[in-house]
Amino acid sequence: MSGTDPSVMVGEYRSYVLRKILFIAGCLVAMVAVLGYATTIGSSGISAIDVYTNIFYHFVDPSRCDPGVEWAVFTVRLPRIMTGLIAGMSLGVAGAAMQSMMKNPLADPYTTGISSGASFGATLAIVLGFDLAGLGGTAGLIVTAFVFALVPAAVIILVSSLRSTSAATMILSGIAVMYLFNACTTLVKLGASDASLSAVFQWSIGDLSGSTWDSFYTILVFTLVGGTILMAMSKKLNILITGDRNATALGLNAHRLRICLLAVISLMTASVVCFTGIIGFVGLVAPHIVRIFLGSDNRYLIPASALFGALLLMVADLISRVIIAPTFLPVGVITAFIGCPLFLYLLIKQRRSMW
Amino acid sequence: MRIDLSKLEFGYDPSSPVLRGIDHVLEDPEFVCIMGPNGVGKSTLVHCMNKILRPTGGAVLIDGEDIGSIRLKTLASRMGYVPNSTEDSFPLTVVDTIMVGLQNDYRFGTRDEDLERVHRVLDLMDIGHLAMRNFDELSAGQHQKVMLARGLVRSPEVVLLDEPTSNLDIRHQIEVTKTLSRLPATEGMMVVMISHDINITAKYADRIILMHDGMIHSVGTPSEVLTRENLRLVYGVDADILEVDGRPHVILKDSVPM
């Protein structure tokens with residue numbers, strides 16, 4: 001196309017970007033719709049209009065809120081739903097960034113052994129009453145799980161700092177640490193009572209039922225800070241996926257960047273896992289589903305994965321609340337049940353390869 | 001840009017160095033081809049010139065400044081690089097793949113002027129029709145042209161190319177090499193290319209650096225370097241050298257014991 005008009009290509013590219021932005025906007029609308037609908041589900045019948053009206057007046061003019069609706073929405077239902085939303089966002093963003101930085105489609109936020117570290121911390125707290133912060137009860141468990149969740153990532157960063165290592169070496173280090181922590185968890189569980197084992201099991205399968213506004217705000221802070229950093233690094237992630245040598249030639253210290261990203265992702269994921277337990281699949285699958293529609297450009301992949309991750313986790317939580325009501329199913333089970341068939345369907349249906 | 005290679009050494013293992021005291025200066029905008037058998041250190045030499053590898057001895061000076069003290073980003077803004085293989089694990093569109101090469105100018109949004117720069121190199125490589133295709137949908141030859149476009153998009157002062165034509169058919173090898181050979185004159189760019197094709201190199205190179213055993217064996221114009229004796233010693237081949245249009249043309253005959 002020697003000597004062609006650049007405006008044709010510019011026009012094509014602009015409409016390509018517009019399609020991405022529309023997809024992101026669609027995810028946002030769907031997320032708000034699911035949020036409203038999910039808040040209507042429960043023993044007291046509240047319509048979606050009541051929910052949105054209450055949320056609006058709660059911030060604009062609290063005196064006009066119906067106390068019954070206000071209590072049901074803000075005290076009972078929204079803490080869980082909003083925690084699901086922000087946890088889904090965090091896992092989606094962390095998954096997208098982890099896959100790009102490791103150049104590996106199998107990577108997810110737990111790849112570096114965060115889940116095994118958190119499990120070990122939670123098991124120590126539940127079985128032995130070990131409490132790093134001395135807070136006792138659930139708060140003590142959360143802090144202990146959070147701190148131990150970061151240990152595997154710290155080991156990987158330490159190993160990586162000793163010499164410049166590749167993404168594959170980092171993943172393998174994570175797997176090695178994961179096995180070690182799993183073995184430690186098993187050791188602790190050997191002497192546990194039935195009640196403790198049941199509590200450890202409940203924690204390990206991922207659950208939003210214990211969510212509070214505190215859990216929401218804590219995860220929110222980590223997600224906002226981490227998400228902003230990852231968005232700012234999205235262009236650099238695009239360079240990183242072209243390979244370390246090329247990244248170096250383009251002026252990027254791939255090794256240092258990967259360590260920075262790992263620290264950010266680990267903190268984000270640890271903040272989620274310590275409150276909700278291990279919710280699998282969202283961090284792995286949400287970015288891949290988004291990639292099918294948007295491609296792999298991290299500038300759009302990261303925000304879209306945040307919204308899609310939130311949507312996926314909120315829908316899963318909604319289903320977990322209604323499928324055998326009034327009993328709840330753990331949300332981690334539902335994310336796999338809806339995420340897996342959806343992902344397989346899209347994998348089969350898509351024409352082009354994204355990995 | 002002036003690149004001084006001073007007693008340059010590199011080795012993964014101190015007992016078997018890959019580069020053994022390279023001394024050379026690259027300066028004028030010209031089309032320089034690095035040649036030599038496999039494993040002789042051609043890619044290693046190029047990687048020491050753009051900080052992908054850190055020399056284990058000697059120095060690389062860029063305009064008199066040691067490369068170790070130059071920031072990667074500063075160096076990258078002046079020096080383009082085209083690898084000999086691609087490892088893009090999550091493919092982008094061709095436009096986005098090339099835009100990655102803009103790095104320093106690569107803002108969150110995409111400016112029209114960025115897209116126009118991409119369009120210019122797509123035109124240069126004659127791959128404008130591939131602009132919105134996904135990178136992984138392309139053939140190996142098309143991949144290589146996209147990589148070339150990415151290396152050139154920032155209009156660097158120097159571009160280092162590691163066997164950029166190895167996956168191209170003979171027609172495209174000639175076209176791409178011809179395009180690269182014009183860059184010193186049209187863009188004032190120094191082009192340093194690793195090449196294995198003796199006759200295409202002989203036809204287009206301004207200067208050839210022939211490497212042997214981790215050292216520079218011979219440097220000069222194609223006629224000065226591509227001699228029967230050099231080819232026998234460095235490559236272990238027997239050849240007749242003809243002259244076509246004032247350039248050497250090598251007729252390979254047989255391998256010889258080294």
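Note on naming: letters A, B, ... go to the chains in the order of the sequence lines (proteins, then strands), and numbering restarts at 1 for each one.
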Visitor: When rounded to the nearest 0.5 angstrom, what is the spacing between CD in E116(B) and OG in S7(A)?
Guide: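 So the CD of E116(B) and the OG of S7(A) are separated by 9.0 Å.
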Visitor: V10(A) versus H119(B): any side-chain heavy-atom pair under 4.5 Å?
Guide: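 The answer is no; the side chains never approach within 4.5 Å.
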Visitor: Answer with side chain, backbone, both or neither: which region of M125(B) has an atom nearer than 4.5 Å to a non-hydrogen atom of chain A?
Guide: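 No part of M125(B) comes within 4.5 Å of chain A.
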Visitor: Pick from N104(A), V8(A), L301(A), L240(A): which one has the most heavy-atom pairs with chain B under 4.5 Å?
Guide: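 When all of N104(A), V8(A), L301(A), L240(A) are compared, N104(A) has the most.
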Visitor: How far apart are the C-alpha atoms of T110(B) and R299(A), what are their side-chain angles, what is the distance that settles it, and do they pass the side-chain hydrogen bond (donor to acceptor under 3.5 Å, both in side chains) test?
Guide: CA-CA 11 Å; T110(B) 309; R299(A) 291 176 299 170; 3.2 Å; yes
Visitor: Determine whether V118(B) and M9(A) make a side-chain contact, defined as any pair of heavy atoms from C-beta on separated by less than 4.5 Å.
Guide: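 They are in side-chain contact.
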Visitor: Answer whether the closest heavy-atom distance between the side chains of M147(B) and N246(A) falls below 4.5 Å.
Guide: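 In short, these two side chains do not touch, never coming nearer than 4.5 Å.
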Visitor: With rounding to the nearest 0.5 Å, note down the distance linking NZ in K103(A) to CZ in F90(B).
Guide: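 K103(A) atom NZ to F90(B) atom CZ measures 10.5 Å (nearest 0.5 Å).
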Visitor: Flag the pair L72(B) / N253(A) as yes when at least one side-chain heavy-atom distance between them is below 4.5 Å, and no otherwise.
Guide: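 Yes, close enough: below the 4.5 Å cut-off.
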Visitor: Out of L75(B), L53(B), D112(B), which one racks up the most heavy-atom pairs below 4.5 Å with chain A?
Guide: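 So the answer, after comparing L75(B), L53(B), D112(B), is D112(B).
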Visitor: Please report the closest heavy-atom contact between M132(B) and E12(A), naming both atoms and the distance.
Guide: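 Here M132(B) and E12(A) meet closest at CG-OE1, 3.2 Å.
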Visitor: With a 4.5 Å cut-off on side-chain heavy atoms, are V95(B) and Y16(A) touching?
Guide: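 No, every pair of side-chain atoms sits at 4.5 Å or beyond.
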Visitor: Which atoms form the tightest heavy-atom contact between A249(A) and A76(B), and what is the distance?
Guide: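 Taking A249(A) first and A76(B) second, the nearest heavy atoms are O-CB, 3.2 Å.
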Visitor: Could you tell me the separation between the CG atom of N84(B) and the CZ atom of R245(A), rounded to the nearest 0.5 Å?
Guide: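 N84(B) CG to R245(A) CZ: 8.0 Å, rounded to 0.5 Å.
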Visitor: Working to the nearest 0.5 angstrom, can you tell me the gap between T93(B) OG1 and Y13(A) OH?
Guide: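 The OG1 atom of T93(B) sits 5.5 Å away from the OH atom of Y13(A).
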Visitor: Is there a side-chain contact between V100(B) and L250(A) in this structure, where contact means two heavy atoms from C-beta onward sitting under 4.5 Å apart?
Guide: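 Yes. Closest side-chain heavy atoms under 4.5 Å.
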Visitor: Give, for atom CG of N50(B) and atom OG1 of T248(A), the distance between the pair rounded to the nearest 0.5 Å.
Guide: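 So the gap between those two atoms works out to 8.0 Å.
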Visitor: Is it the case that more than 12 heavy atoms not belonging to R71(B) sit under 6.0 Å from its CZ atom?
Guide: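 Not buried by this count: 12 neighbours or fewer within 6.0 Å.
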Visitor: Would you call I241(A) and L92(B) a side-chain contact if the rule is heavy atoms closer than 4.5 Å?
Guide: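 Counting from C-beta outward, I241(A) and L92(B) do come under 4.5 Å.
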Visitor: Measuring from N134(B):CG to S296(A):OG, what's the distance to the nearest 0.5 Å?
Guide: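 Here the rounded value is 7.5 Å.
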